[in-house]
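In what follows, chains carry the letters A, B, and so on, assigned in the order in which the sequence lines appear, proteins first and then strands, with residues in each chain numbered from 1. Keep in mind that what you see is a predicted model, and the values were worked out from it rather than measured. As a basis for the values below, the full set of heavy atoms in this structure was taken, side chains included, without hydrogen atoms, waters or symmetry mates.
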Number of protein chains: 2
Amino acid sequence: MAVLDERRPLYEIKANLFKGLAHPYRIRVLEILSAADEASVAEMLTATGLEASHLSQHLAVLRRYGLVVSERRASVVYYRLAHPQISELLRVARVLLGEILADTDSQRDLVAGLPTIPDAR
Amino acid sequence: MAVLDERRPLYEIKANLFKGLAHPYRIRVLEILSAADEASVAEMLTATGLEASHLSQHLAVLRRYGLVVSERRASVVYYRLAHPQISELLRVARVLLGEILADTDSQRDLVAGLPTIPDAR
DNA sequence: TGCTGAATTGATGGAATCATCATATCAGCT
DNA sequence: AGCTGATATGATGATTCCATCAATTCAGCA
């Protein structure tokens with residue numbers, strides 16, 4: 001069964017969800033699937049520029065964590081998000097990350113903008 | 001600088017955020033800090049039951065990823081979330097995870113509740 | 001059947017992460 | 001200064017993850 005198995009302790013389930021998301025290429029793939037609803041491996045190959053087996057490995061991770069599902073039609077395999085809520089999670093993460101980065105930006109700017117006190121250590 | 005550094009490519013930043021969250025004890029710690037606003041290492045020790053150096057290692061990871069900040073008052077070190085939005089992200093993840101698990105539950109129940117077709121393989 | 005394109009799997013080496021233990025730092029007290 | 005409690009750091013082995021390459025499966029077509 002998938003790693004998102006409700007019989008596991010809750011903190012582990014939550015950590016597993018985040019583990020599935022914890023790689024730039026997998027984020028990329030999930031955002032592609034968030035936008036396109038469904039995509040073939042070939043499409044994702046060109047979109048990401050990855051080598052086939054490398055992409056396939058990450059897709060396998062996403063499948064194992066239960067984040068995506070795949071379906072073969074003729075010789076092409078199509079992927080979709082396993083749950084629409086995943087794109088919602090990514091959206092929230094994106095927004096919050098934006099705020100966080102803006103926060104630290106303005107803090108940095110604040111500090112950078114302070115008048116230089118000549119003797120300050 | 002923290003791993004949440006806006007000069008890095010965006011997918012990497014996002015993946016780093018999730019990497020910081022990708023461990024059950026760190027989730028536990030962040031939820032403690034979400035609820036309590038501030039907590040000493042000693043408090044987290046008793047709350048989690050971890051060994052001191054083990055907890056400290058995970059706190060170091062959280063600091064490195066820029067998810068928490070610490071402050072020493074007398075001989076006690078207090079931790080807080082670096083950004084309030086982090087508790088928001090955890091909240092959203094919790095809700096979505098609830099929906100996802102409910103989804104798969106009901107699917108399982110659906111399948112489990114189907115009449116058994118005698119001749120089905 | 002045998003070939004080809006599409007995708008996955010398996011194997012390997014290297015890097016990162018985790019858990020445990022020992023050691024070190026730091027603040028306050030005597 | 002030396003001791004103690006609180007916390008952090010360093011070192012180690014075990015495990016997991018990542019990237020690359022070779023080999024395999026699968027569907028469709030000649």
Would you call the rings of B:H54 and B:Y25 parallel, tilted or perpendicular, where under 30° means parallel and over 60° means perpendicular?
perpendicular
Could you state the atom-to-atom distance from [atom1] of [X] to [atom2] of [N] in whole Å?
{"X": "B:Y78", "N": "C:dA27", "atom1": "OH", "atom2": "P", "value": "15 Å"}
{"X": "B:E71", "N": "C:dC26", "atom1": "CD", "atom2": "P", "value": "17 Å"}
{"X": "B:L62", "N": "C:dC18", "atom1": "CG", "atom2": "C1'", "value": "14 Å"}

The side chain of A:L59 is closest to which nucleotide in this list: C:dA27, C:dT8, C:dT9?
C:dT8
Where the side chain of B:Y25 is concerned, which of C:dA7, C:dA19, C:dT9 is the nearest nucleotide?
C:dA19
Short side-chain to backbone donor-acceptor contact, A:R26 and A:G20, under 3.5 Å
yes
Heavy-atom distance under 4.5 Å between the side chains of B:V76 and B:V41, does that happen here?
no
Contact check, side chains of A:E31 and A:L90, non-hydrogen atoms, under 4.5 Å
yes
Does a donor on one side chain and an acceptor on the other come within less than 3.5 Å for A:Y79 and A:R63?
yes
Name the nucleic acid region contacted by A:R26, choosing base, sugar-phosphate or nothing; use a 4.0 angstrom heavy-atom cut-off, strictly under.
sugar-phosphate
Determine the contact category for B:Y79: base if any of its heavy atoms lies under 4.0 Å from a base atom, sugar-phosphate if only primed atoms, P, OP1 or OP2 are that close, otherwise nothing.
sugar-phosphate
Answer yes when B:E71 and B:R73 have at least one side-chain N-carboxylate O distance shorter than 4.0 Å, and no when they do not.
yes
The correct set of residues in residues 32-58 of chain B placing a heavy atom under 4.0 Å from DNA chain D is B:V41, B:A42, B:S53, B:S56, B:Q57
Rounded to the nearest 0.5 Å, what's the gap from CD on A:E38 to CD on A:E43? Could you check?
8.0 Å
So the contacted stretch of DNA chain D, first to last nucleotide with an atom under 4.0 Å from a non-hydrogen atom of chain A, runs from D:dC17 to D:dG28
Closest heavy-atom pair, B:E88 versus A:L96, reported as atoms and distance to 0.1 Å, is CG-CD1, 4.0 Å
Nearest-nucleotide check on DNA chain D, A:A74 vs A:V61; residue mapping nearer the 5' end is A:V61
With a distance cut-off below 6.0 Å to the six-membered ring centre and an angular limit of 45° from the axis, does A:R72 pair with A:Y78 as a cation-pi contact?
no
